[in-house]
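Computed over heavy atoms, backbone and side chain alike; hydrogens, waters and symmetry mates excluded.
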Amino acid sequence: MASMGYQNVKLVYEQTGQGRLLTRRSDGTWVLDSFALNVLTYMAANTYDYPNPTGNEYKPSRYYDGGWRKIADAFGLLRFDASLAEEVGEETLAEQRRNTARTRISRTWAQLIDKGLIRRYKGAYLGGNAGYVLMLGDEAENREVIENAKNLL
């Protein structure tokens, strides 16, 4: 796994430097959407670079299908304090945390799609996660990445 995503993460920061992850606050000021940056960076770090340096012909480059749960676990979004669990109930609190994490990550994916930074390649299905192609290069490179995904999936 160490060979995955290094170049992709560098491209995420290039996109960030171009202002592609800025969002407008209600008062009109532009700020960096740090959660979107974290989600995109996680996805980039957990996908193969393009072109794939490992020679793995079974996994497309810049293709994330790890699902919201892996991101939530990595970010600690599902953890809670034991004293709060005693107050509210552990199962109730765990369900609330899962729902909040799923909603927050799904909304972030929708924002990243709107900004043209990811593209949903396949929808989620029973027992499987949705798949996203990271659109981190120029137009020609992004077309090649999509073609790579078509050929391998």
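Taking all atoms of both residues into account, the shortest heavy-atom contact from Gly131 to Tyr63 is CA-OH, 3.3 Å. The heavy-atom pair separating Tyr121 from Val133 by the smallest distance is CB-CG2, 3.9 Å. Nearest heavy-atom pair, Tyr50 versus Asn8, reported as atom, atom and distance to 0.1 Å: N-OD1, 4.1 Å. The two residues Thr16 and Leu32 come nearest to each other via the heavy atoms CG2-CD1, 3.7 Å. Closest approach of Ala44 to Val12, counting heavy atoms only: CB-CG2, 3.6 Å. Summarising the geometry of Ile118 relative to Trp109, their closest heavy-atom pair is CD1-O, 3.7 Å, with the distance given to 0.1 Å.
Hydrophobic clustering keeps Met135 apart from Leu152 (ILVMFWY residues linked when any side-chain heavy atoms are closer than 4.5 Å, directly or through intermediates). Hydrophobic clustering (ILVMFWY, side-chain heavy atoms < 4.5 Å, transitive): Tyr48 and Leu134 are in distinct clusters. Clustering ILVMFWY residues whenever any of their side-chain heavy atoms sit less than 4.5 angstrom apart, transitively, puts Ile146 in the very cluster that holds Leu153. Residues Phe75 and Leu93 are members of separate hydrophobic clusters, defined by side-chain heavy-atom contacts under 4.5 angstrom among Ile, Leu, Val, Met, Phe, Trp and Tyr.
No side-chain donor-acceptor contact under 3.5 Å links Thr47 to the backbone of Ser61. Under the 3.5 Å distance criterion, the side-chain polar atoms of Thr100 are matched with a main-chain donor or acceptor of Gln96.
Remark: Arg120 engages no residue in a salt bridge (charged side-chain N to carboxylate O under 4.0 Å, His left out) (not counting sequence neighbours). Listed by chain and residue number, Val9, Leu37, Thr41 satisfy the side-chain contact (heavy atoms from CB on, under 4.5 Å) test with Tyr13 (two or more places apart in sequence, or in another chain). Partners of Glu141 according to the salt bridge (charged side-chain N to carboxylate O under 4.0 Å, His left out) rule, which considers only residues two or more places apart in sequence or in another chain, are Arg62. Applying the salt bridge (charged side-chain N to carboxylate O under 4.0 Å, His left out) rule to Asp65 yields the partners Lys59; only residues at least two apart in sequence or on another chain are considered.
With a 4.5 Å cut-off between side-chain heavy atoms of Ile, Leu, Val, Met, Phe, Trp and Tyr, the cluster of Val31 takes in none. Here Leu126 is tied to no hydrophobic group at all, with no ILVMFWY side chain closer than 4.5 Å.
Note: Leu77 CG to Arg102 CZ = 12.5 Å, rounded to the nearest 0.5 Å. Here Arg97 contributes atom CZ and Arg79 contributes atom CZ; the two are 10.5 Å apart, rounded to the nearest 0.5 Å. Gln15 CD to Leu112 CG: the interatomic distance, rounded to the nearest 0.5 Å, is 11.0 Å. Atom-to-atom distance recorded for Asn142:CG and Glu147:CD is 13.0 Å, nearest 0.5 angstrom. Within the model, atoms CD of Glu90 and CZ of Phe80 stand 4.5 Å from one another, a figure rounded to the nearest 0.5 Å. Distance CD/Glu14 to CD/Gln7: 9.0 Å, rounded to 0.5 Å.
Atom CZ of Arg20 has more than 12 neighbouring heavy atoms from other residues, nucleotides or ligands inside a 6.0 Å radius. By the 6.0 Å contact criterion, NZ on Lys115 is enclosed, its count of non-hydrogen atoms from other residues, nucleotides or ligands being greater than 12. Taking a 6.0 Å sphere around CD of Gln18, one finds it holds more than 12 heavy atoms contributed by other residues, nucleotides or ligands.
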(request) Apply side chain to side chain contact (heavy atoms under 4.5 Å, CB included) to Leu136 and Val145, showing your working. (result) CA-CA 10 Å; Leu136 302 174; Val145 168; over 6 Å; no
(request) Take Val39 and Met43 through the test side chain to side chain contact (heavy atoms under 4.5 Å, CB included) and record every step on the way to the result. (result) CA-CA 6 Å; Val39 168; Met43 293 170 73; 3.9 Å; yes
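Residues Asp33 and Thr108 fail the side-chain proximity criterion, which asks for heavy atoms closer than 4.5 Å.
Ring geometry for Tyr42 versus Tyr64: interplanar angle over 60°, hence perpendicular rather than tilted (30 to 60°).
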